[in-house]
There are 2 protein chains.
Amino acid sequence: MEKNSTYFGVKEIARRANVSIATVDRVIHNRTGVSEKTKKKINEIIKELDYQPNILASRLASKNIIILAVLIPRVSEETDFWEVPLRGIQRADAEIKQYGIQTIPYFFDLSDKDSFVTQARLILERGVHGVMLSPSFIEQARNFTEECQKLKIPYVFIDSNIPEQRSLSYIGPHLLKSGYVGAKLLTYRMKSNKKVLVVNISKEIENYNYLQIEEGFRSYFNDNQMGNEIVRIDIKETDYLSVAKHMTSVLHDHTDIEAIFVTNSRVFTVATFLKNKNKNNISLIGYDFIKENIQYLNEGIIDFLICHKPEEQAYRAVMALYQTLVMGGSVDNIQYMPIDIITKENYEFYQN
Amino acid sequence: MEKNSTYFGVKEIARRANVSIATVDRVIHNRTGVSEKTKKKINEIIKELDYQPNILASRLASKNIIILAVLIPRVSEETDFWEVPLRGIQRADAEIKQYGIQTIPYFFDLSDKDSFVTQARLILERGVHGVMLSPSFIEQARNFTEECQKLKIPYVFIDSNIPEQRSLSYIGPHLLKSGYVGAKLLTYRMKSNKKVLVVNISKEIENYNYLQIEEGFRSYFNDNQMGNEIVRIDIKETDYLSVAKHMTSVLHDHTDIEAIFVTNSRVFTVATFLKNKNKNNISLIGYDFIKENIQYLNEGIIDFLICHKPEEQAYRAVMALYQTLVMGGSVDNIQYMPIDIITKENYEFYQN
DNA sequence: CTGAAAGCGCTTACAG
DNA sequence: CTGAAAGCGCTTACAG
């Protein structure tokens with residue numbers, strides 16, 4: 001605590017430098033209007049004393065409030081996945097709002113690129129100090145973050161990354177390794193002569209970050225020289241009927257598929273299909289801790305779910321912006337989340 | 001933030017009650033020396049205004065520093081498991097020390113009950129405001145926490161619980177379910193006619209919280225009506241030679257053991273044995289993210305490790321005390337940790 | 001380029 | 001039983 005005998009604050013720095021604390025404050029915050037000479041002297045003393053500002057006092061005295069924008073998909077009827085990151089945002093917000101930080105959410109529609117662009121524009125018009133976003137639409141996210149760069153607004157990606165788009169931080173899974181883990185689990189008890197099916201279900205497969213998961217999945221088979229044939233299908237309509245149609249056809253063409261890997265949270269649609277068709281000898285693995293998936297996990301139709309702590313991702317992303325903007329601290333450029341394995345037996349203790 | 005237009009603080013309460021802010025402060029902190037009448041009036045206004053104290057200002061102004069004691073096993077050559085909770089404690093400490101909280105660690109020796117008693121006495125003599133402990137020695141922990149109760153010092157258990165010993169909170173695994181998960185993983189690819197071996201390695205098996213893990217493990221076999229015979233051995237000396245001796249003997253008596261489950265972090269000694277004896281067709285599952293275990297996980301000798309976020313446990317335990325003591329908040333009486341599954345493929349992203 | 005002074009919301013002696 | 005005043009460490013106009 002600052003009250004202990006050996007704590008040095010602005011007052012002591014000012015005393016040693018023979019200036020007022022206002023001047024010390026100017027140097028600490030890199031404000032203009034201080035001669036090079038006094039600036040240098042003060043910085044030396046700061047270093048010598050290893051001065052640590054008291055954030056409590058700083059935020060208490062400051063009037064300036066900091067605004068963070070959060071740009072994520074709206075919770076839709078189709079999937080309530082984005083409910084969870086939202087909780088992380090609220091948790092972070094509750095923690096830091098007493099420090100004068102305000103978090104404002106902006107929601108876009110996952111089936112409508114334009115809504116992303118519209119919300120992004122609103123953020124820019126509003127004028128914010130930091131942004132956290134899920135770059136669901138790569139092209140549009142690129143444009144938006146380029147604007148942020150020009151305005152020197154730091155931004156953090158969650159859920160998936162655009163590596164070349166220098167963000168303050170990426171907080172999310174190592175998608176390749178995640179697919180790798182999926183392959184391990186899927187094959188752990190599999191016979192080597194059987195086939196494996198990979199299913200991508202998304203309206204935008206051509207522009208789909210998550211293809212890295214499939215790449216990782218395949219590399220597990222290569223690395224371990226497994227002989228199983230990997231069949232792949234892309235389903236571009238996310239409704240059940242489309243999924244059922246494609247699944248029927250692929251299972252008809254390949255009768256000896258023993259295991260299915262779905263590269264995202266829509267695994268529940270495949271589970272519904274397997275259940276309806278009474279195919280209970282096929283292993284099924286997919287992604288994310290959402291209601292529908294847990295239901296099928298519980299019924300034994302989904303064997304494993306992989307999850308990357310979406311709530312924690314969002315929480316950390318907000319806190320990373322807070323660290324940079326308020327505390328002047330640095331944050332890791334990449335924070336890979338754990339690749340969590342969820343089963344019927346442990347799901348009740350899972351913490352998103 | 002407090003600076004917004006509609007925030008009411010002690011000043012406003014004082015104005016409305018027609019008293020000084022000092023009196024308001026007395027009421028807020030339940031201090032003596034206020035007439036029932038004014039006390040009542042002030043409390044009404046507090047309620048009406050839904051007054052939320054500003055912790056920043058409170059801790060900044062306060063001189064009173066709060067001391068938390070942490071009573072955990074010393075890191076020994078035998079296992080560095082307790083290094084990890086220590087990191088959690090340090091992380092919590094770093095976060096709250098600026099609020100005037102001090103965390104003091106006390107270490108005992110896992111092979112010496114007396115050291116626990118000695119350290120516990122030191123804590124009591126020191127005079128602290130809260131305690132977090134690992135009740136490794138049940139009897140001694142019971143005595144100690146009874147003293148704490150008399151002195152009205154809140155305490156939090158981590159790692160394992162003593163349910164009847166009313167603590168502020170237990171933060172750790174649901175041991176029964178954890179064993180259940182172990183059984184699921186162990187049997188996921190097993191043949192039904194083979195035997196399973198459960199190994200308890202501990203100097204104090206008779207007084208061993210962790211037997212619940214075995215109970216959970218067994219109940220999985222019951223619940224799923226699995227036919228596998230479960231063989232069990234207790235090894236009361238933790239050194240490699242003793243483990244090797246017992247393992248040799250049990251594998252000699254039971255030649256058709258296909259899978260081994262070790263109920264704690266000493267699984268690496270069994271792994272060493274299997275490696276030395278070139279028994280690479282036996283599945284092995286055990287506990288905890290420690291160096292030696294990860295090594296064997298990586299070599300493919302250990303199939304899965306189960307882990308309960310020991311760092312997070314300790315972090316939360318300290319924060320729970322902080323919540324109660326400083327913020328006057330309430331905390332959950334039981335906080336079960338996730339039952340994490342660690343494999344060769346995902347361990348590099350694991351977060352303790 | 002620099003400083004004196006008021007203030008953030010709360011706590012703490014001290015005086016009465 | 002109650003209040004006036006100083007202070008926690010920092011920030012912010014304002015004046016020069």
Side-chain angles (χ1 to χ4, degrees), chain A residues 1-43 46 49-66 97-101 325-328, chain B residues 1-43 46 49 51-66 97-101 326-328:
Chain A
M1 191 82 192
E2 288 66 17
K3 288 120 208 173
N4 74 24
S5 41
T6 54
Y7 181 78
F8 300 118
V10 281
K11 216 192 274 177
E12 175 66 14
I13 298 173
R15 198 187 60 73
R16 295 201 186 195
N18 247 310
V19 295
S20 74
I21 56 168
T23 300
V24 172
D25 191 70
R26 288 182 185 104
V27 173
I28 288 172
H29 295 288
N30 267 314
R31 284 193 263 273
T32 54
V34 184
S35 76
E36 273 307 315
K37 206 178 120 205
T38 47
K39 190 171 172 180
K40 185 157 170 284
K41 196 205 254 169
I42 291 173
N43 272 324
I46 286 177
L49 258 40
D50 186 27
Y51 168 69
Q52 303 292 344
N54 183 324
I55 310 294
L56 262 66
S58 167
R59 292 312 302 171
L60 180 61
S62 176
K63 289 192 167 50
N64 141 33
I65 93 165
I66 289 172
K97 73 167 171 238
Q98 64 178 327
Y99 294 92
I101 324 292
L325 260 18
V326 179
M327 316 283 281
Chain B
M1 188 88 194
E2 287 68 14
K3 287 118 209 174
N4 74 23
S5 42
T6 55
Y7 180 78
F8 300 118
V10 281
K11 216 192 273 178
E12 175 66 15
I13 299 173
R15 198 188 60 75
R16 296 200 186 195
N18 247 312
V19 296
S20 74
I21 57 170
T23 298
V24 173
D25 191 68
R26 287 181 186 103
V27 173
I28 288 172
H29 297 288
N30 267 314
R31 283 193 263 274
T32 54
V34 184
S35 77
E36 272 308 315
K37 203 179 124 209
T38 46
K39 190 171 171 176
K40 183 155 172 287
K41 195 204 257 167
I42 289 172
N43 272 325
I46 285 177
L49 258 39
Y51 168 68
Q52 303 293 343
N54 182 324
I55 309 295
L56 261 66
S58 167
R59 292 311 302 170
L60 181 62
S62 176
K63 289 193 167 49
N64 139 35
I65 90 167
I66 289 173
K97 73 168 173 236
Q98 64 178 327
Y99 293 90
I101 325 292
V326 179
M327 316 283 282

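Convention: sequence-line order gives letters A, B, ...; per-chain numbering from 1.
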From the set C:dC10, D:dC10, D:dC8, return the single nucleotide nearest to any side-chain atom of B:Leu60.
D:dC8
Could you tell me how far apart A:Asn18 (CG) and C:dA4 (C1') are, to the nearest whole angstrom?
16 Å
Between P on D:dC10 and CZ on A:Arg15, what's the gap in Å once rounded to a whole number?
15 Å
Assign B:Ile28 to base, sugar-phosphate, or nothing according to its heavy-atom contacts below 4.0 angstrom with the strands shown.
nothing
Given A:Arg59 and A:Ile66, is the side-chain contact (heavy atoms from CB on, under 4.5 Å) satisfied, shown in steps?
CA-CA 11 Å; A:Arg59 292 312 302 171; A:Ile66 289 172; 4.2 Å; yes
Lys/Arg-Asp/Glu bridge criterion (N-O < 4.0 Å) met for B:Arg16, B:Glu12:
yes
Which is true for A:Gly9 with a 4.0 Å heavy-atom rule: it touches a base, it touches only sugar-phosphate, or it touches nothing?
sugar-phosphate
Please find the pair of heavy atoms, one from B:Ala14 and one from B:Ser20, that lie closest to each other, and give the distance.
CB-C, 3.8 Å
Does B:Ser20 place a side-chain N or O at less than 4.0 Å from the phosphate oxygens OP1/OP2 of D:dG3?
yes
Over all atoms of both residues, closest heavy-atom pair of B:Val27 and B:Asn43
CG1-OD1, 3.5 Å
Tell me the interatomic distance from B:Gln52, atom CD, to C:dG9, atom P, rounded to whole angstroms.
15 Å
Calculate the interatomic distance between A:Lys39 atom NZ and C:dC1 atom P; express it in whole Å.
10 Å
Of the listed nucleotides D:dG9, C:dC10, C:dA13, the one nearest the side chain of B:Ala22:
C:dA13
For B:Ser35 and for B:Ala57, locate the closest nucleotide of DNA chain D by heavy-atom distance; then report the residue assigned to the nucleotide nearer the 5' terminus.
B:Ser35
Out of C:dG9, C:dT2, D:dG9, which nucleotide sits closest to the side chain of A:Arg26?
C:dT2
Looking at A:Ser62, does any N or O in its side chain come under 4.0 Å of the phosphate oxygens OP1/OP2 on D:dC10?
no
Determine: side-chain N/O of A:Lys37 to OP1/OP2 of C:dC1, distance under 4.0 Å, yes or no.
no
Counting only side-chain nitrogens and oxygens, does A:Thr38 get under 4.0 Å of the OP1 or OP2 atom of C:dC1?
no
Integer-rounded Å distance: C:dG9 P and A:Asn54 CG
16 Å
Is there a donor and acceptor pair closer than 3.5 Å between the side chain of A:Arg59 and the base of C:dG9?
no
Mate of C:dA15 across any strand shown (Watson-Crick or G-U wobble, both atom pairs under 3.5 Å) is D:dT2
May I ask you to verify if any side-chain N or O of B:Thr23 is less than 4.0 angstrom from the OP1 or OP2 atom of D:dG3?
yes
Roughly, in whole Å, what's the span from CZ in A:Arg31 to C1' in C:dG3?
15 Å
Please test B:Tyr51 against B:Val10 for side-chain contact (heavy atoms from CB on, under 4.5 Å), starting from the C-alpha separation and ending with a verdict.
CA-CA 8 Å; B:Tyr51 168 68; B:Val10 281; 3.8 Å; yes
Expressed in angstrom and rounded to an integer, what is the separation of B:Lys11 atom NZ from D:dA5 atom P?
14 Å
Just by modelled atom types, is the A:Val34 backbone N or O under 3.5 Å from a matching donor or acceptor in the A:Lys39 side chain?
no
Measure CD1/A:Ile21 against C1'/C:dG3 and give the value in whole Å, please.
10 Å
